[in-house]
Protein chains: 2
Amino acid sequence: MALPPAVELRRRNRAALLEQLHRHGPQTRAALTEALELNRSTIGALATDLAESGHLQETTGQSTGSAGRPSTLVACVPQSITVAAVEIRADRLRFALVGLGGEVLERSETALEDGDDPVSAVAVITGGKAGDAVDAVAAMPGLVDEGTVAHSTELGWVDRDVAADLEAATGREWQVVDTATAAAVGEWSRGDAHEARKLLYLHGGRGLTAGLVIEGRSQRGGSIQLGHIVVEPGGRECACGLRGCLEAEMEAFVFAEDIENATLAAGMGDAAARDRLRRSGEDLGRALGAVVTATGPDEILFGGWLRELYLSTAAPVRSALAETTLPHLRSKLRLRTPVLGDEGALMGAAETGFAAVFDRMR
Amino acid sequence: MALPPAVELRRRNRAALLEQLHRHGPQTRAALTEALELNRSTIGALATDLAESGHLQETTGQSTGSAGRPSTLVACVPQSITVAAVEIRADRLRFALVGLGGEVLERSETALEDGDDPVSAVAVITGGKAGDAVDAVAAMPGLVDEGTVAHSTELGWVDRDVAADLEAATGREWQVVDTATAAAVGEWSRGDAHEARKLLYLHGGRGLTAGLVIEGRSQRGGSIQLGHIVVEPGGRECACGLRGCLEAEMEAFVFAEDIENATLAAGMGDAAARDRLRRSGEDLGRALGAVVTATGPDEILFGGWLRELYLSTAAPVRSALAETTLPHLRSKLRLRTPVLGDEGALMGAAETGFAAVFDRMR
DNA sequence: ATCATATGTTGCAGACAACAACAAACCTCG
DNA sequence: CGAGGTTTGTTGTTGTCTGCAACATATGAT
C-alpha cells in the first residue's frame with residue numbers, strides 16, 4: 001500500500017500529541033487522554049510508540065497524593081526534534097537551536113558592521129548546526145512575503161529573495177518571517193499574551209514594522225509596514241519615496257538612544273524635548289488608529305525601541321488613538337509592552353518552525 | 001461503539017466530495033477520484049452512499065468521445081441541503097434559498113421604510129422556509145463580531161446582538177456577517193475573483209465598510225469600518241463621534257444618486273462638481289492607502305455606490321493610493337469593480353452558510 | 001470483430017481507534 | 001496493616017475504513 005488509509009489518522013494524532021506536549025509542557029498520560037479526547041489505549045499506543053522512537057521520555061511512579069494508580073508522566077525529548085532560529089538586525093545576529101518542548105539547546109550572537117551581509121553571517125553563526133535541525137526560520141525586519149523581503153528600511157533591501165540566498169549560503173531550506181510577526185508569535189506562545197485572539201506587535205528597529213497574529217498563528221501577509229503608514233499627507237519625504245510616512249515624521253527617534261535622552265531631557269524640564277516626544281506619540285497613535293481600524297486587534301504590544309517610546313508617551317499615543325478609532329474597537333483593546341524583551345522574535349521564529357513541523361507531520 | 005474510529009475519516013471524505021461538487025459543479029467519478037486523491041473504489045462507495053441518501057444524482061452512459069468506458073456523471077441534488085441567505089439594508093431586504101450546488105431555489109425582496117425593524121421583516125420574508133434550511137446567514141452593513149453588530153452607520157445600531165434577535169424572531173439560529181465580507185466571499189466563489197489570495201471588497205451603502213477574505217475564507221474580524229478611517233485629523237465631525245472620518249469627509253456622496261448627478265454635471269463642465277468628485281476620490285484613496293498598508297490585499301473591488309464613484313474617479317483614487325502605499329504593495333494590486341453587482345452579498349452569505357455546513361460535517 | 005483503454009465493482013487485507021475486561025498501583029479508613 | 005475504593009495502564013477483540021488487485025463493463029480504434 002502506497003498510502004495506508006488510516007495511517008493519516010495515526011499521524012494526525014501523533015502530531016497532536018507532540019504539539020500538546022511542546023506547548024503545554026510535561027503531562028501525565030491521563031491528562032493527555034483528556035486533552036486530545038482520545039481513548040486511554042490509543043494514548044498508550046501512541047506514547048509507547050513515540051517513546052521507542054526517542055521523541056518522548058516516560059517517567060513512571062509519580063505519586064500524586066490523590067487516590068488511584070499514579071499516571072506516568074510523559075515529557076518531550078528536546079534533542080529529538082530541533083529548530084534553528086535566527087534573528088537578523090542591521091547591527092547584530094542572533095542564533096538559537098530550540099528543542100522540542102521549547103528548551104534552548106544552543107545560542108550565540110554576533111555583532112554586524114555596516115556593510116556585512118547578514119546572510120553570509122548566518123552561515124557562519126549556525127555552523128553545521130542548522131543542518132541537523134528539522135526546520136530553520138529566519139526573522140528579519142521588513143515586509144516579507146513567501147521567502148522574499150519586499151521592502152526593508154532597516155536592511156535596505158528591496159525584493160531580495162532571502163530564502164534562496166540563505167539556502168545557497170547554508171545548504172538548507174529556510175523559512176523567512178518578519179521580526180514583528182515572529183515576536184508576536186513568541187509573545188503569544190512563550191510570553192503572556194496567550195489569551196489575545198488578535199495580537200498586534202509593533203517593532204521598532206531602524207524601521208517600524210508590525211505583525212498580526214490571530215489565535216497564535218501568523219497570517220499570510222500579516223507583515224505590516226507600520227513605518228509607511230502616511231500620517232501627514234504631503235509631509236516630509238521618506239526614503240521609500242512617499243511623503244509623510246510615520247517613519248519620516250518620527251525621524252528624530254529612529255534610534256533608541258534618542259528616546260532615552262529625550263525622556264531624560266523632558267524630565268528635566270526641556271520643553272522642546274517634551275514637545276518632540278508628545279508629537280511622536282501622537283503620530284504613532286494616529287498611524288496605529290488606521291491599523292486598528294483596518295485589522296481590529298484586541299491586544300497591542302510595543303516592542304523594540306517603541307517600548308521606550310510608549311512608556312514615555314502613553315498618554316499622547318492613547319489620545320491620538322482615541323481620536324482615530326471607533327469606541328468599540330478601542331474598548332476591547334489592551335496596550336502593553338512585551339514580556340520577552342528582545343528575545344520574542346527569536347523565540348517566535350522557533351515556534352513558527354515548530355508549527356510548520358507539526359503541520360508537516362499531519 | 002459510540003464513536004467508531006474511522007467514521008471521522010469517512011465523514012471528512014464525504015464532506016470533501018460534496019464541497020468539491022458544490023464548488024466546481026457536476027463532475028464524473030473519474031474527475032472526483034483525481035481531485036480528492038482517493039481511490040476509485042472509495043469514490044464509488046461514497047458516491048453510491050450519497051446517492052442513496054439523496055444528496056447526489058448519478059447519470060450514467062455519457063459518451064465522452066474518447067476511448068474507454070464512459071464515466072458516470074455525478075451532480076448535487078440542490079434540495080438535499082439548503083441555506084437561507086438574507087441581505088439587510090436600511091431600505092430593503094433580500095432573501096434567497098440556495099441549494100447545494102449553488103442553485104437559487106427561491107428568492108424575494110421587500111422594501112423597508114425608515115423605522116421598520118429589519119429583524120422582524122426577516123421573519124416575514126423567510127416565512128417558514130428558513131426553518132428547513134440547514135444553515136441561515138444574514139449579511140448586514142457594519143462592524144460585525146460573532147453575531148453582534150458592534151457598529152453600523154447605515155442601520156444606526158451599536159452593540160446589538162442581532163443573532164439573538166433573529167433567533168427570537170424566526171425560531172432558528174443565524175450566522176451574522178457584514179455585507180462587505182459576504183460580498184467578497186460571493187465574488188470569490190461565484191464571481192471572477194477566484195485567483196485573488198487576499199481580496200478586499202469595499203461596500204458603499206449609507207456607510208462605508210470593507211471586508212477582507214483570504215483564499216476565499218472570511219477572517220474573524222475581517223470586517224473593516226472603512227468609513228471610519230480618519231483621513232483628515234481634526235476634520236469634520238462624524239456621527240460616530242470622531243473627527244475627519246472618511247464618511248464625514250465624503251458626506252456629499254452618501255447616496256448614489258449624488259454621484260450620478262455629479263458625474264453628469266462634471267461631464268457638462270461643472271467645475272465645482274468635478275472638484276467634489278476629485279476630492280472624494282482622493283479621500284477614498286488615502287483611506288484605502290492605510291487599509292492596504294495594514295492588510296496587503298492583492299485585489300480590491302469597489303462595490304455598492306463606490307462602484308460608481310470609482311468609475312468616475314479612478315485617476316484620483318489611484319494617485320492618492322500611490323501617495324500612501326509602498327510601491328511593492330501597489331504593484332501586485334488590482335483595482336476592479338465586482339461582477340455580481342449587488343447580488344454578491346446575498347450569494348456570499350449563502351456560501352458562508354455552505355462553508356459552515358461542510359465544516360460541521362467533518 | 002478484436003484489441004486497447006478507461007472506468008465501475010467486488011472481495012480481501014492492512015491499519016486503526018474504541019471498548020471492555022483485567023491488572024497494577026495508589027489512597028483511605030477502620 | 002489489610003480490605004475496599006479509585007484511578008490508570010495493558011491487552012485482546014471488534015467494527016470500520018481505505019487501498020489494492022482482479023474482474024467486469026463500455027466505449028473507440030484498427
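All values below were derived from every heavy atom in this structure, side-chain atoms included, with hydrogens, water molecules and symmetry-related copies excluded.
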Restricting to pairs with a member in residues 53-62 of chain A, which pass salt bridge (Lys or Arg N to Asp or Glu O under 4.0 Å), not counting sequence neighbours?
-> A:R29-A:E58
Under a 4.0 Å heavy-atom cut-off, which of residues 29-38 of chain B touch DNA chain C?
->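 B:R29, B:A30 - these, ordered by number, are the residues of the stretch whose heavy atoms sit under 4.0 Å from the strand.
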Show me the donor-acceptor pairs, under 3.5 Å and distance only, between side chains in residues 35-47 of chain B and residues at least two apart or in other chains.
{"residue": "B:N39", "atom": "OD1", "partner": "B:S41", "partner atom": "N", "Å": "2.9"}
{"residue": "B:N39", "atom": "OD1", "partner": "B:S41", "partner atom": "OG", "Å": "2.8"}

Rounding to an integer number of Å, can you tell me how far [X] [atom1] sits from [N] [atom2]?
X: A:L73; N: C:dC26; atom1: CG; atom2: P; result: 14 Å
X: A:R12; N: C:dA17; atom1: CZ; atom2: C1'; result: 15 Å
X: B:R14; N: D:dC17; atom1: CZ; atom2: C1'; result: 12 Å

Taking the side chain of B:S71 as its heavy atoms from C-beta onward, which of C:dA17, D:dT18, C:dG8 lies nearest to it?
-> C:dG8
Not counting sequence neighbours, which residues clear side chain to side chain donor-acceptor pair (under 3.5 Å) with B:Q20? List them please.
->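 With sequence neighbours excluded, B:Q20 shows a side chain to side chain donor-acceptor pair (under 3.5 Å) to B:Q27, given in chain and number order.
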Not counting sequence neighbours, which residues clear side chain to side chain donor-acceptor pair (under 3.5 Å) with B:R23? List them please.
-> B:E19
Once side-chain contact (heavy atoms from CB on, under 4.5 Å) is applied, do any residues pair with [X], and if so which ones, sequence neighbours excluded?
X: A:A133; result: A:T82, A:A84, A:L97, A:R172
X: A:A75; result: A:P26
X: B:D132; result: none

Polar-atom pairs under 3.5 Å, protein N or O versus N or O of nucleotides 21-26 of chain D: list them with distances, or write none.
{"residue": "D:dA26", "atom": "N3", "partner": "B:R69", "partner atom": "N", "Å": "3.2"}

Please collect all ring-ring contact (aromatic ring centres under 6.0 Å, His included) contacts where either partner lies in residues 16-39 of chain A, sequence neighbours excluded, each pair once.
->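 Those involving residues 16-39 of chain A are A:H22-A:F354, A:H22-A:F358.
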Identify the residue among B:T33, B:V74, B:L73 that makes a side chain to side chain contact (heavy atoms under 4.5 Å, CB included) with B:T28.
->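 The passing option is B:L73.
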Would you please confirm or rule out a distance under 4.0 Å between OP1 or OP2 of D:dT18 and any side-chain N or O of B:N13?
-> yes
Using only side-chain N and O atoms of A:R10, determine if any of them is under 4.0 Å from OP1 or OP2 of C:dA17.
-> yes
Check salt bridge (charged side-chain N to carboxylate O under 4.0 Å, His left out) between A:D192 and all other residues, then give those that pass, not counting sequence neighbours.
->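 A:D192 satisfies salt bridge (charged side-chain N to carboxylate O under 4.0 Å, His left out) with A:R336 only.
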Salt bridge between A:R217 and A:E351, side-chain N to carboxylate O under 4.0 Å?
-> no
Neighbours of DNA chain D within residues 42-54 of chain A, by heavy-atom distance under 4.0 Å |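 None, since no heavy atom is under 4.0 Å.
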